[in-house]
Amino acid sequence: MSEDEETEEEPAVELGEGPDVTGQPVARVAARLTWPKPKSEVVDQEGDATIRTPDGPRDLEAVLAESEETLFDSRQAFVDAVEAVVGTGPVATE
């Protein structure tokens, strides 16, 4: 693409109409942290975050309380532990 060509101003993905989704993706929470990290530090830093789950929004602290993991050695280990508790699938809307 040359500098003379105009770029499109429209979004790359069309957003749908409908109710808002409460909470934030667990990946966004994971991106704000550095790894490895013990569960207690994750709770201290992000425990009050509300995450999106297939069953509706949940507080991260409550989700982590249900997990047996005590240390997350990587971002993926954290995401896997959260998904083991809340499951995966479409996120509920209001």
Side-chain angles (χ1 to χ4, degrees):
M1 179 181 270
S2 72
E3 291 181 29
D4 295 334
E5 293 180 37
E6 293 183 27
T7 58
E8 292 183 28
E9 295 297 322
E10 297 177 24
V13 176
E14 185 95 14
L15 300 177
E17 298 290 322
D20 292 335
V21 178
T22 305
Q24 56 189 310
V26 69
R28 184 180 300 157
V29 175
R32 292 193 297 252
L33 300 168
T34 57
W35 309 101
K37 189 167 293 297
K39 179 169 45 175
S40 60
E41 287 186 24
V42 174
V43 170
D44 288 344
Q45 292 178 343
E46 295 291 337
D48 60 343
T50 302
I51 60 169
R52 297 174 182 169
T53 75
D55 296 325
R58 291 189 60 190
D59 289 335
L60 182 60
E61 184 174 12
V63 171
L64 292 178
E66 295 179 36
S67 174
E68 294 181 11
E69 298 295 324
T70 58
L71 175 69
F72 305 108
D73 60 352
S74 67
R75 177 186 177 280
Q76 191 60 50
F78 169 73
V79 171
D80 290 345
V82 171
E83 288 179 347
V85 174
V86 300
T88 59
V91 176
T93 59
E94 294 177 340

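Values in this document were obtained by computation on a predicted structure and should not be read as measured data. Just so you know, these numbers use all the heavy atoms, side chains as well, and skip hydrogens, waters and symmetry mates.
Put simply, CG on Asp59 and CG on Asp48 are 8.0 Å apart, with the number rounded to the nearest 0.5 Å.
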Would you mind writing out the side-chain donor-acceptor pairs for residues 62-70 within the sub-3.5 Å range, not counting sequence neighbours?
residue, atom, partner, partner atom, Å
Glu66, OE2, Arg58, NH2, 2.4
Ser67, OG, Glu69, N, 3.2

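One hydrophobic cluster, built from ILVMFWY side chains closer than 4.5 Å, cannot hold both Val26 and Val91; they sit in different ones.
Pairs engaging residues 33-47 under the salt bridge (Lys or Arg N to Asp or Glu O under 4.0 Å) rule: Arg32-Glu46, Lys37-Glu41 [sequence neighbours left out]. Among residue pairs with one or both ends in residues 52-77, those qualifying as ring pair (Phe, Tyr, Trp, His ring centres under 6.0 Å) are Phe72-Phe78; sequence neighbours excluded. Among residue pairs with one or both ends in residues 79-90, those qualifying as side-chain hydrogen bond (donor to acceptor under 3.5 Å, both in side chains) are Gln76-Asp80; sequence neighbours excluded. A ring pair (Phe, Tyr, Trp, His ring centres under 6.0 Å) check over residues 41-66, counting only residues at least two apart or in different chains, returns nothing. Sorted pairs that involve residues 42-63 and meet ring pair (Phe, Tyr, Trp, His ring centres under 6.0 Å), not counting sequence neighbours, are lacking altogether. Pairs of residues two or more places apart, or lying in two chains, never qualify as ring pair (Phe, Tyr, Trp, His ring centres under 6.0 Å) while including a residue from residues 40-71.
Residues Val42 and Leu33 form a side-chain contact, since some pair of their non-hydrogen atoms from C-beta on lies under 4.5 Å apart. At least one side-chain heavy atom of Ile51 sits under 4.5 Å from a side-chain heavy atom of Val82.
Grouped with Leu71 in a hydrophobic cluster is no other residue, since no side-chain heavy-atom contact under 4.5 Å to another Ile, Leu, Val, Met, Phe, Trp or Tyr is found.
Looking at Arg52, its side chain never comes within 3.5 Å of a backbone N or O of Pro57 through a donor-acceptor pair.
Scanning for side-chain contact (heavy atoms from CB on, under 4.5 Å) contacts around Arg75 gives Ala27, Ala30, Trp35, Val79, with sequence neighbours left out. Under the side-chain hydrogen bond (donor to acceptor under 3.5 Å, both in side chains) criterion, Asp73 pairs with no residue, sequence neighbours left out. The side-chain hydrogen bond (donor to acceptor under 3.5 Å, both in side chains) check on Ser74 picks up nothing, with sequence neighbours excluded.
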> When you look at Leu60 and Val29, which way does the side chain to side chain contact (heavy atoms under 4.5 Å, CB included) test go after all the steps?
Replying inline: CA-CA 9 Å; Leu60 182 60; Val29 175; 3.8 Å; yes

